[in-house]
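Accompanying notes for the structure given below.
The analysis underlying the following values was restricted to heavy atoms, covering all of them including side chains, and did not include hydrogens, waters or symmetry mates.
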Amino acid sequence: MVNVTGQRLWHRLPELSVLPSAPGTACTLLLLFVCILAAPPWPLALSLLCRQWLSLATARLFPSLSGCDSGFGQATARHLDIMGFRVFASVLDLQSPGAQELRQSCSSRLTLLQMDLTKTEDIQRVLQHIQAHTNSTGLWGLVNNAGFNDTIADAELSPLGKFRTCMEVNFFGSLELTKGLLPLLRSAGGRIVTVSSPAGDMPFPCLAAYGASKAALSLVMDTFRSELQPWGIKVSLILPGYYKTGKRQQLLASLPQELLQAYGEEYVEEINQQFIQFMKVAVEDLSAVVNSITEGLLAANPAVRYYPGQGLGIMYFIHRYLPYFVRDLFLKGFFINPKLPRALQREAFPGTPAPERVQSQRHRPPAPWGNNQH
């Protein structure tokens, strides 16, 4: 009888290819799912923060997601809708193409909610909506998927405002939503699944603003993982490889004159071209990430970190065990490795004509014997 029930439920859990296959694991997962459905309704809130969000729930299991107009959020919303959950999806614009696509491709269980993660009033309105629908049951899961970035450039070339925007969306928006839902998560002993990035662990070239916000997000979620253990809440991080998620990132259009002289227009254009080439080989199949998110929500013992994607094993091995210069060379070869800025080219080739010399600001350490002349 248990086996029959398990088979029926398993047909409702499609594409869980990353779920552990150890003996007894599937049974534990299925029993967990049965308990959720049979017991008082524990909503499952998956907040996927890209630029929109959505939530799903079955008749007795409510998940909530944000950032579902494209990429991981949209794919996960569809996946959970197929599994029978009722979905509350937050989107930046209810009339956007992504929102329209979700209406057409998902069942009537999906509900779209408008939310701008940089606006506290929007977040509070969404929190009130979720609380009104789950206050008597608690919340089983929350998925944070913040992923805003519109600048690919050196940290010096990136305006300070870009750093602040990345932090507002990717870090503070996720943090405010998580803190607001913690009372509901505590009452259910639920899950928090957060999509971060390897750029928050390693210094990817030209991703300083994005990487800094993801580093802060990973750290605070790891802190939540430790602090919320007594409440029975399990916290997982998703660190995907390089995927095509529908987001459009663009380079800085204008620079201060001093920086333009030092770096040159050709330097910025080279970064743009290399990023375009990089995106051509990015993976389009998002199922590995969707499966990791699903496992983090439903597995009896979810992993602390998931690494869906190609090449992440060698990348983290180099990062952790090899010298810094090897890691830097690897990341430049893997992602972006622009040519020398204009000012450094002039120094390397003194005969190159130029209307104005830009003096180098580099500082070489003194030689051990106190003489800098070589």
Side-chain angles (χ1 to χ4, degrees), residues 45-54 64-76 89-93 98 115-120 122-123 126-127 142-153 155 158-182 192-225 235-250 252 275 286 289 292-293 296 305-309 335:
L46 306 120
S47 138
L48 298 158
L49 306 167
C50 299
R51 293 180 62 193
Q52 306 175 329
W53 82 258
L54 89 85
S64 145
L65 306 89
S66 68
C68 301
D69 57 332
S70 64
F72 303 142
Q74 190 180 74
T76 304
S90 87
V91 294
L92 187 64
D93 182 1
M115 181 174 68
D116 183 342
L117 283 170
T118 64
K119 297 180 179 179
T120 297
D122 280 15
I123 297 176
V126 168
L127 289 175
L142 167 67
V143 179
N144 294 300
N145 179 44
F148 171 81
N149 184 41
D150 67 351
T151 299
I152 306 295
S158 303
L160 195 58
K162 297 295 183 181
F163 284 83
R164 289 195 174 102
T165 302
C166 281
M167 290 297 294
E168 284 294 333
V169 177
N170 301 345
F171 176 70
F172 286 111
S174 300
L175 178 60
E176 184 173 357
L177 197 60
T178 301
K179 286 173 65 68
L181 292 175
L182 276 178
I192 299 174
V193 179
T194 299
V195 180
S196 188
S197 171
D201 290 335
M202 295 173 249
F204 275 74
C206 303
L207 286 180
Y210 177 76
S213 65
K214 288 295 190 176
L217 181 66
S218 295
L219 181 59
V220 76
M221 290 301 161
D222 204 29
T223 303
F224 275 137
R225 178 192 57 78
V235 181
S236 299
L237 277 175
I238 313 290
L239 298 131
Y242 52 106
Y243 289 86
K244 291 182 180 179
T245 59
K247 306 181 186 76
R248 292 294 178 264
Q249 298 166 308
Q250 50 190 323
L252 213 54
F275 178 70
L286 309 181
V289 179
S292 295
I293 293 172
R305 285 189 167 210
Y306 293 90
Y307 300 93
F335 187 51

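Ser158 and Ala153 get closest at one heavy-atom pair: OG-O, 3.5 Å. Ile123 and Leu117 make their closest contact through CD1-O, 3.5 Å (heavy atoms, listed as atom of the first residue, atom of the second, distance). Across all non-hydrogen atoms, the minimal contact from Glu176 to Leu127 is O-CD1, 4.4 Å.
In this structure, OH on Tyr210 lies 13.5 Å from OG1 on Thr151, to the nearest 0.5 angstrom. Rounding to the nearest 0.5 Å gives a distance of 5.0 Å between OG of Ser218 and CG of Leu237. Here the CE atom belonging to Met221 is positioned 8.0 Å from the CZ atom belonging to Phe171, to the nearest 0.5 angstrom. Note that OG of Ser196 and CG of Leu217 are 5.0 Å apart. Values are rounded to the nearest 0.5 Å. Separating the OG atom in Ser292 from the CZ atom in Phe72 is a distance of 10.0 Å, to the nearest 0.5 Å. To the nearest 0.5 Å, atoms OH (Tyr242) and CZ (Phe204) are separated by 10.5 Å.
A side-chain donor-acceptor contact under 3.5 Å links Ser197 to the backbone of Ala199. Looking at Asn144, its side chain never comes within 3.5 Å of a backbone N or O of Thr194 through a donor-acceptor pair. In this structure, Lys214 contributes its side chain and Val195 its backbone to a donor-acceptor pair below 3.5 Å.
Side chains of Phe224 and Leu182 form a contact here, defined as non-hydrogen atoms less than 4.5 Å apart. A 4.5 Å side-chain heavy-atom check between Val193 and Leu142 finds every atom pair outside the cut-off. Looking at heavy atoms from C-beta onward, Phe335 lies in side-chain contact with Phe275 at the 4.5 angstrom threshold. No side-chain heavy atom of Ser236 sits less than 4.5 Å from a side-chain heavy atom of Ile192. Between Met115 and Val91 there is no side-chain heavy-atom pair separated by less than 4.5 Å.
Using a cut-off of 4.0 Å between Lys/Arg side-chain N and Asp/Glu carboxylate O, Asp201 and Arg305 are scored as salt-bridged.
When each of Asn170, Asn149, Thr165 is checked for a side-chain hydrogen bond (donor to acceptor under 3.5 Å, both in side chains) with Ser213, only Asn170 meets the rule.
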